[in-house]
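Within every chain, numbering begins at 1; the chains are lettered A, B, ... in the order of the sequence lines, protein sequences first and strands thereafter.
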Amino acid sequence: MTIQHAAPAAAHLRNVNKFYGPFQALTNVTLDIPPGKVTCLIGPSGSGKSTLLRCINVLELYDSGEVRIDDQLIGYESPGGKHMAPRRLREMRREIGMVFQQFNLWPHMTALQNVAEGLERVRGLTRAQALTRAREALAKVGLADKENNHPSHLSGGQQQRVAIARAIAMEPRIMLFDEPTSALDPELVGEVLGVMKQLAAEGMTMVVVTHEMGFAAHVADRVVFMERGEIVATGSPREVFDAPSDPRLASFLQGYRERNSLDF
Amino acid sequence: MMETLHRYGPDLLTGFGLTLLSWALGTLLGLVLGFVIEIARRFGHNLLGYPIRAYVEFIRGTPFLVQLFVLYYGGPLIGLRLDALPAGILGLTIYGSAYFTEILRAGFDAVPLGQIEAARAIGFRNTTIVSRIMVPVMMVSALPSLVNFAIILTKETVILSMITVPEIMFQTQTMMSETFAFVTPILILALFFWGFVETISRFGRRLERRFTHYLLDRS
Ligand SMILES: Nc1ncnc2c1ncn2[C@@H]1O[C@H](COP(=O)(O)OP(=O)(O)O)[C@@H](O)[C@H]1O
Ligand SMILES: [Mg+2]
């Protein structure tokens, strides 16, 4: 397989605050995301998990604090300074792959075109090179035979795997996943988690917002629990799931177990 | 009848030609101007929103005939001295742009934000996002309205006769007043527009199929 993972990057958030009007969605978030590891973000709906993730690639611009990819500040030219120039931001975003809950494939393009488009338009590959690389990425997620399908003719699980192929084809150094399996029928969740596990095993830096506690428990290196825009607890899966020290975390997990009536 | 046709044939052909020309240029330029206005509104400075809104409301709130008179007879007062045909085409362009820009706005608004964010996250520049994603996705919902308005514009072209553009309405009116015959000129006018509009509709449906094929074909 010639899709290489570029050296995995770390991400660092320092005292990050984000407001939507008067509403504070993130409060003093400080988090180190280690390179080559899987960090899972869990927490109740509305706790700011998506906002945190989207501040890492600046789909949302944080209001204060610092977000860095390795050592490089993203979003601002300098801490508290001017907004980053669009060209610089685009350059940094190439390093950051993102996978969305709603897949967000482009409906007018085939699976292959969806993957090749960024290679051609952003990476500047020739059409032929882009198609070759796109086919490799599709093969990697097990969809070599679906390259000519439009998204409307793919199952949810297949669409999400195309979306992952679209991201990894760009050879990102860090990957962000925002509830990648939440929109899927239960029987399709496994195929997507399978691809993600494979990426994790290859040493990709991954930040995963998820409600799949099983995935978090078994694949994550670190689990981060958020509530009301704050990081409440972080630790290894063992620390978080087996011996939750924080009462809010304990009650969140309790609620989850009751809804799903299973153990992990 | 054959005699009248013989006599007025060349003039009628000129009329057909000028109607087609002013429609084609007015529609095309109106679409381009409408697109430019929408892009300026969407990506430009926030303050641009107010003059653009005023422009659209003014054009949509006044009859085309009045706009044309203002342009043709009022233009010279501010040094804009245009012949009838260019004035007519410019008038159609301005009139069309206000409607086209609103159709495009609604179309762009309907493009799911997630599809745009996916492109942004990969590092696409705005121009690429517009041309490669927003326009093709938007066309599915906007194309029928765009074609519909292009058809409405065919019929607005007759108003150019009021500022002496010798298009088809002008020619048939001349024919009527000189021959005192009404049926033949009206019939010619009706047949011409029927064929004209039918051609545009067919072409529009072909375009629609092109932009929506992915919703239909099985791979
Ligand atoms: N664009 C927005 N405008 C206003 N409020 C928002 C916006 N996006 C998110 N929020 C609010 O911020 C909070 C955190 O949202 P989010 O990060 O999406 O939570 P989570 O992903 O954990 O469910 C929620 O209360 C949500 O309503
Ligand atoms: Mg969310």
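- Neither the backbone nor the side chain of R123(A) comes within contact range of chain B, judged by heavy atoms closer than 4.5 Å.
- Within 6.0 Å of CZ in F58(B) there are 12 or fewer heavy atoms belonging to other residues, nucleotides or ligands.
- Other residues, nucleotides and ligands contribute at most 12 non-hydrogen atoms within 6.0 Å of the CG atom of D83(B).
- For the pair M170(A) and I122(B), the minimum side-chain heavy-atom distance is below 4.5 Å.
- If you take CD1 on I133(B) and CZ on R121(A), they are separated by 9.5 Å, rounding to the nearest 0.5 Å.
- Proximity to chain B (any heavy atom under 4.5 Å) is restricted, for L105(A), to the backbone atoms N, CA, C and O.
- Applying the 6.0 Å contact sphere to CE of M139(B) captures more than 12 heavy atoms from other residues, nucleotides or ligands.
- Taking V99(A), L176(A), V122(A) one by one and counting their heavy-atom pairs under 4.5 Å with chain B, the maximum is reached by V122(A).
- Across all non-hydrogen atoms, the minimal contact from N57(A) to A121(B) is ND2-CB, 3.8 Å.
- Counting heavy atoms of neighbouring residues, nucleotides and ligands inside a 6.0 Å radius, atom CG of D71(A) does not exceed 12 of them.
- Separating the CG atom in L89(A) from the CZ atom in R120(B) is a distance of 10.0 Å, to the nearest 0.5 Å.
- Atoms CE and CZ, from M109(A) and R132(B) in turn, are 5.0 Å apart once rounded to the nearest 0.5 Å.
- Shown here is F203(B), whose CZ atom has no more than 12 heavy atoms of other residues, nucleotides or ligands within 6.0 Å.
- In this structure the side chain of P107(A) reaches within 4.5 angstrom of the side chain of V137(B), judged on heavy atoms.
- Using a 4.5 Å heavy-atom cutoff, the side chains of F124(B) and R93(A) are not in contact.
- The minimum heavy-atom distance between R90(A) and G123(B), with the atom names listed, is CD-O, 3.2 Å.
- Side-chain contact between R54(A) and E117(B) is present, with at least one heavy-atom pair separated by less than 4.5 Å.
- Heavy atoms of E117(A) lying under 4.5 Å from chain B belong to its backbone as well as its side chain.
- A distance of 13.5 Å separates CE of M134(B) from CH2 of W106(A), quoted to the nearest 0.5 Å.
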